[in-house]
Amino acid sequence: MTQESKKKHEEMCADRRFISTDHSLYYEDMDAGQIYRSSSRTLSEADLTMFSMFSGDWNQVHSDAEYMDANGGKRLLHGVLGIAVITGLMDKAGWFTSSAIAMTGIDDWTFKRPLYIGDTVTMEMVILGKRLVSAGDKGLLDRQFTLYNQHGEIAQQGRCGFLLKLRGEGAASVQDW
């Protein structure tokens with residue numbers, strides 16, 4: 001945010017009550033071993049349909065209830081939908097609202113249990129490590145994510161690298177990465 005846009009924002013909020021969901025954590029706030037847990041979210045028929053529409057993946061394991069019933073199961077939500085749900089739960093928590101720059105990769109992702117319509121999931125993020133990038137103007141986090149179902153069973157797990165801002169004036173902007 002430029003100084004000018006920051007000033008405009010402050011002026012807009014000056015004469016009215018302003019409630020923010022920005023609980024941003026910056027590089028300096030993070031340490032290896034920290035654990036963050038999200039609120040829960042129930043996966044719905046709409047989630048499955050919208051993800052099928054977006055991805056174009058209408059495989060019968062997702063879209064054909066009769067086929068799945070005949071084969072002894074319920075329709076499955078897409079595996080990568082779980083990754084998208086994790087990013088949504090993280091956004092809802094507000095952990096990186098103002099400090100996020102970019103996800104740098106997904107590593108060692110495993111799908112341990114299927115996700116079904118009606119499952120209620122919760123996400124856990126563990127900080128595995130951190131380091132400043134060579135320019136010293138932003139930080140790189142190594143994070144492990146675990147997505148749990150309503151029974152406390154691990155549905156998905158993997159690592160995601162993440163660039164985030166430093167607190168203060170010397171920090172890089174989102175455009176600088």
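These numbers come from a predicted model, not from an experiment.
- Within the model, atoms OG1 of T87 and CZ of F145 stand 9.0 Å from one another, a figure rounded to the nearest 0.5 Å.
- A 4.5 Å side-chain heavy-atom check between R41 and L89 finds at least one atom pair inside the cut-off.
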**Item:** Audit row: S52, H78, side chain to side chain contact (heavy atoms under 4.5 Å, CB included) steps and yes/no
**Value:** CA-CA 8 Å; S52 292; H78 304 73; 3.0 Å; yes
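- Inspection of the T120 and S40 side chains reveals no N or O donor paired with an N or O acceptor under 3.5 Å.
- When all heavy atoms of V80 and F111 are compared, the closest pair comes out as N-CE2, 4.1 Å.
- To the nearest 0.5 Å, atoms NZ (K112) and CD (Q157) are separated by 5.5 Å.
- At a threshold of 4.0 Å, the pair R75-D64 does not count as salt-bridged, since none of the basic side-chain nitrogens sits closer than that to a carboxylate oxygen.
- Taking the charged nitrogens against the carboxylate oxygens, D69 and K74 have no contact shorter than 4.0 Å, which rules out a salt bridge.
- Using a 4.5 Å heavy-atom cutoff, the side chains of R167 and D29 are in contact.
- Nearest heavy-atom pair across S24 and S99 is OG-N, 3.7 Å.
- Both M30 and L132 are members of a single hydrophobic cluster when ILVMFWY side chains are connected at heavy-atom separations under 4.5 Å.
- Side-chain atoms of W109 and Q156 form a donor-acceptor pair, as typed in the model, at a separation below 3.5 Å.
- Between V85 and M123 the shortest side-chain heavy-atom distance does not fall below 4.5 Å.
- Tracing side-chain contacts under 4.5 Å through hydrophobic residues (I, L, V, M, F, W, Y), one never reaches M90 starting from L128; they form parts of separate clusters.
- E66 CD to N71 CG: the interatomic distance, rounded to the nearest 0.5 Å, is 12.0 Å.
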**Request:** Dump the intermediate steps for side chain to side chain contact (heavy atoms under 4.5 Å, CB included) on I35 and M125, then the final yes or no.
**Result:** CA-CA 6 Å; I35 300 171; M125 176 181 71; over 6 Å; no
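- Taken together through direct or relayed side-chain contacts under 4.5 Å among Ile, Leu, Val, Met, Phe, Trp and Tyr, L43 and L76 form parts of separate hydrophobic clusters.
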**Intermediate values then yes/no, salt bridge (Lys or Arg N to Asp or Glu O under 4.0 Å), D142 and R131** = CA-CA 9 Å; D142 184 11; R131 67 176 175 81; over 6 Å; no
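- At a threshold of 4.0 Å, the pair R143-D107 does not count as salt-bridged, since none of the basic side-chain nitrogens sits closer than that to a carboxylate oxygen.
- Among all heavy-atom pairs drawn from K165 and S98, the shortest one is NZ-O, 3.2 Å.
- Going from atom OG of S63 over to atom CG of D57 covers 8.5 Å, rounded to the nearest 0.5 Å.
- Looking at K92 and S38, their side chains never come closer than 4.5 Å, going by heavy atoms from C-beta outward.
- For the pair K130 and Y27, the distance from NZ or CZ to the six-membered ring centre is under 6.0 Å and the angle to the ring normal is within 45 degrees.
- When each of D119, T122, T42, V121 is tested with Q150 by the rule side-chain contact (heavy atoms from CB on, under 4.5 Å), just one qualifies, namely D119.
- In this structure, CZ on F54 lies 15.0 Å from OG1 on T49, to the nearest 0.5 angstrom.
- Looking only at side-chain heavy atoms (C-beta outward), K138 and L164 stay at 4.5 Å or farther from each other.
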**Message:** I'd like to know whether Y148 forms a side chain to side chain contact (heavy atoms under 4.5 Å, CB included) with E153, so could you lay out the CA-CA distance, the side-chain angles of the two residues, the decisive distance to 0.1 Å, and finally the verdict.
**Reply:** CA-CA 5 Å; Y148 295 95; E153 301 165 326; over 6 Å; no
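- Rounding to the nearest 0.5 Å gives a distance of 10.0 Å between CE of M50 and CG of L81.
- Under the 4.5 Å side-chain contact rule for hydrophobic residues, L166 and W95 share a cluster.
- D47 contributes a side-chain N or O that, together with a main-chain N or O of S44, makes up a donor-acceptor pair within less than 3.5 Å.
- Taking hydrophobic clusters as Ile, Leu, Val, Met, Phe, Trp and Tyr residues chained together by side-chain heavy-atom distances below 4.5 Å, I154 does not share a cluster with V126.
- Taking all atoms of both residues into account, the shortest heavy-atom contact from L115 to A155 is CD2-CB, 3.7 Å.
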**Asked** Could you go step by step and tell me if L25 and Y36 meet the side chain to side chain contact (heavy atoms under 4.5 Å, CB included) rule?
**Response** CA-CA 11 Å; L25 299 168; Y36 298 87; 3.5 Å; yes
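- Checked against a 6.0 Å centroid threshold, the rings of F96 and Y26 do not count as neighbours.
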